[in-house]
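Worksheet: one structure, shown below.
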Amino acid sequence: MAETVSTPSENPSRRDFIYIATGAAGVVGAGLYAWPLIDQMNPAADTKALSTTEVDLSSVEEGQQIIVKWQGKPVFVRHRTQKEIDEARAVDVSTLRDPATDEQRLVVNGEGKYEPQYLIMIGICTHLGCVPIGNNAGDYDGWFCPCHGSHYDTAGRIRKGPAPKNLVLPPYQYLTDTLVKIG
Amino acid sequence: MRLSKLTATIFATAALGLTAGSAIASEGPELKHVEFSFEGPFGTYDKAAAQRGFQVYQESCSNCHSMSLVAIRSLGEPGGPFYDEEHPNANDNPVIKAIAAMFTVTDGPDSEGDMFERTAKPFDHFPSPFPNEQAARASNGGALPPDFSVLVSAREHGPQYIYSILTSYEDEAPEGVELRDGMNYNPAFKGGQIGMPPPLFEDLVEYSDGTKASVEQMAHDVVTFMAWASDPKMEERKRMGWMVMIYLFIFALLMYGSYKAVWRDVEH
Amino acid sequence: MSGYPGYDPKSGIEKWLDARLPIVRLGYDTFIFPTPRNLNYWWTFGGILAVILMSQIITGIILAMHYVPHVDLAFDSVQHIKRDVNFGWMLQPMHAVGASMMFLAVYIHMFRGIYYGSYKSPREVLWIVGVVIYLLMMATGFMGYVLPWGQMSFWGATVITNLFSAFPLVGESITQWLWGGFAVDDPTLNRFFSLHFVLPFAILGLVILHVWALHVPGNNNPTGVSVKNVDKDTLPFHPYYTVKDGFAIVVFLMVFAAFIFFMPDALNHPDNYIRANPLVTPAHIVPEWYYLPFYAMLRAVPNKLGGVITMFGAIAVLFVLPWLDTSKVRSMRYRPLAKLFFIIFVLACIGLGWAGAKSPTDLVFVTGTDAATGAPTGLSFLWFARILTLYYYVFFVIILPVLGLVEKPKDRPESIEKSVLNTTHEEA
């Protein structure tokens, strides 16, 4: 090499500036370029459009449960019998692993109207994600998870087994007395 | 440099080749020259025109033409004809909800195993007028009404082509042209004979904004709507395109500055 | 090529790592590599190609996350990408336009190699690896174009796979084997997807070999004169050529971005927005622009097998190019006659591309009208393509071998350094 970069004839500070500016512009550009590459893995517009679903509760007969799909997950909609409601209310809340009254299990975020017979929950065991068996299964007449033996009562609260929490409530609201919008 | 002359020759020839290439496009019947708001690097969809065009599609075209790749919600998504800043989520947009409610879609199977009809929701795609291609052909004298989803992109000079088709019908075929049974004379269509009867006529629709519904006006509007359906992200694409170009331009200047600085003391 | 003092680890950690995995040394040797100081902008296309290849691999992996290789769903899934996937409207054209940009860059890269004699000893293997990369690019690009499952995808796939049926005896078996059936269908689409996904990684491996083969003899340069004195004739690749390549890459990206954002369909055929229909052939089947010259050669020969052989031969001849050119002078800068024939060669390639896009019966120019029918007469694209195809072969098989023996080259500079000083002074 006959010549090198560090010839004194040049103003070093101006030169450094252009190098730093170029490098910074390159880094910024790479960062902006990276975002679309990452964001494309987030839910697409069609997936997001399906993020609400409406359920007609009048089609669920007393003592029955239907499972609707919401955001790719099963949602239990149970029309409880008076016996189930009474059982759920007879429990001493302070003895529960994840304390919640029956009323708290029927409304989301503690507000809005509710119908005591309709219980709406995400049907995924809070232990490791299996779908519990319904229709008065388990030791507490509610749901029983076959994977690792978690028992939920008639309000979907964890009573026995490895699961740490009650079955999760999805965000939902009553549009009419019998029409519920989930999501 | 000696190569610069060579470069000039090659680029000149390439440019010649490109012009020659664009001459390919001019094959076939002559198209009407009509301008649209969405042309050019700054072009955007004329929202009012696209809304009117949707009305034309919905009241007239959709009786035969499907648009199965387009979701109803996309009408209210950014860039769409009914996008409303107050309802960035198209599912909550009352206009979109009302539009969805105009359509019926087949869903199912229900718990009995039967398919059932229900009112469309914004996330549904536009329902097709015919259950399958055979049914569409059977109802249209053997001709298949093409799907509108990407039709503008699927034709050379799509907007001008579709506009020309819609506005070039003639009641009588010129002498010497023998129309086949069920065909209509349209000089803008290749061969001059088209299965589709004239779809537009004066005051076919009643525009709520008071625009006179002439054939030309409706054709222009529906083409704007179809162009949007084919390329719903165009506005976002061009907007980002300008930001990218400006960034690259500045970055190129900086790169050139660095290049000059690094090579400053080197003869080359 | 040796020259500069190698990597000199200073700290303990650097020495420790260098003794176990000399990866820093590898990077150092790759980037602080003696590079002729007189490389012009034509030499930046290697770096440009590396950037596009990486871009294609990244966007390709992403598209594969959303694409569905099934005849009933492929077309819709591409629309799903463009309409619903976040930034899909940008990523899909990046990949589709990227293919065109890669071919544009590779053609310039190859023409540069031919003009400056970069295939000549001791760089024959470097050139051959490059031709293999080009062949794999053609295969990858072709299979990628099938994936959107539009009309051109389907009929392009049908026409190209049918080429193999031209071979006697085994032709029919080969096409059925390629298809996995009796026509282009779901099995074909699935295997094309699989191969389209994996081939770019083979290309990447070959690119590493290409760079390795480059770093043994070192870069050729516009004078074609070998490096004699490393200190006087060369500069370290970094920072000199990283900034020069970087500048060229950014300028190239501007062209790339202009297509992606403002005319994403300019290089595509409208018919590919029509779902593939095995029962209806489009009026004109036109391949992607980068295959047009070969398509013109295929159609120029009236015999089916002859056309196929002519087309594949046009690529095969590139493999033996280092031994066809008999001239001892590398750069055509000092070969006036060769330079003239080279310019005609470039024009012939562009002309073949033009002919490939036109119908063979169309006329290049009109000379008169037929007395009997009144139809215009003149040079048809069929004959235009035939003449140019002939020239393509003559250039490689006759002109280059003969010219090397008869041509009297101009004086060449003694060294790269001398040539640099002379030009600078001429211009000053």
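Below, each value reflects all heavy atoms present in this structure, side chains not excepted, and no hydrogens, waters or symmetry copies.
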Is it the side chain or the backbone of B/F249 that comes within 4.5 Å of chain C heavy atoms, both, or neither? both

Ranked by heavy-atom pairs below 4.5 Å to chain C, first place among B/G158, B/P146, B/A154, B/G40 goes to B/A154

Counting heavy-atom pairs under 4.5 angstrom with chain B, the leader among C/D271, C/V286, C/D84 is C/D84

Just give me the residue among C/P93, C/A283, C/G246 that pairs up with chain B most often, heavy atom to heavy atom, under 4.5 Å. C/G246

Check ion pair B/D231-C/K82 (N to O, under 4.0 angstrom): no

Tell me which of these, B/L253, B/V244, B/L254, B/L151, has more heavy-atom pairs under 4.5 Å with chain C than the rest. B/V244

Does C/S55 use its side chain to pair, donor to acceptor, with the backbone of C/V51 at less than 3.5 Å? no

Check each atom of C/M90 against the heavy atoms of chain B and say whether the ones under 4.5 Å are side chain, backbone, both or neither. side chain

Would one find more than 12 heavy atoms of other residues, nucleotides or ligands at under 6.0 Å from atom CD of B/E35? no

Please state whether the side chain, the backbone, both or neither of C/F256 comes within less than 4.5 Å of a heavy atom of chain B. neither

Among the options B/R239, B/R155, B/E236, pick out the one with the most heavy-atom pairs lying under 4.5 Å from chain C. B/E236

Using 4.0 Å as the upper bound for N to carboxylate O, is an ion pair formed by B/K47 and B/E235? yes

Under 4.5 Å heavy-atom distance to chain B, tell me which part of C/A258 shows up: side chain, backbone, both or neither. both

Qualifying residues under ring pair (Phe, Tyr, Trp, His ring centres under 6.0 Å), relative to B/F148, sequence neighbours excluded: B/Y57, B/H65

When you measure from the side chain of B/R73 to the backbone N and O of B/P122, does any donor-acceptor pair fall under 3.5 Å? no

Under 4.5 Å heavy-atom distance to chain B, tell me which part of C/P264 shows up: side chain, backbone, both or neither. side chain

Under the 3.5 angstrom rule, does the side chain of C/Y115 hit a backbone N or O of C/I343 as a donor-acceptor pair? no

So for C/F111, is it side chain, backbone, both, or neither that comes closer than 4.5 Å to the heavy atoms of chain B? neither

Quick check for you: among B/S149, B/A252, B/S230, B/P232, which has the greatest number of heavy-atom pairs under 4.5 Å with chain C? B/A252

Suppose we screen for ring pair (Phe, Tyr, Trp, His ring centres under 6.0 Å). Which residues come up paired with C/W43, at least two apart in sequence or across chains? C/Y116

Just by distance, do the side chain of C/N272 and the backbone of C/S153 share a donor-acceptor pair under 3.5 Å? yes

Between C/I260 and chain B, which part of the residue has a heavy atom less than 4.5 Å away: side chain, backbone, both or neither? backbone

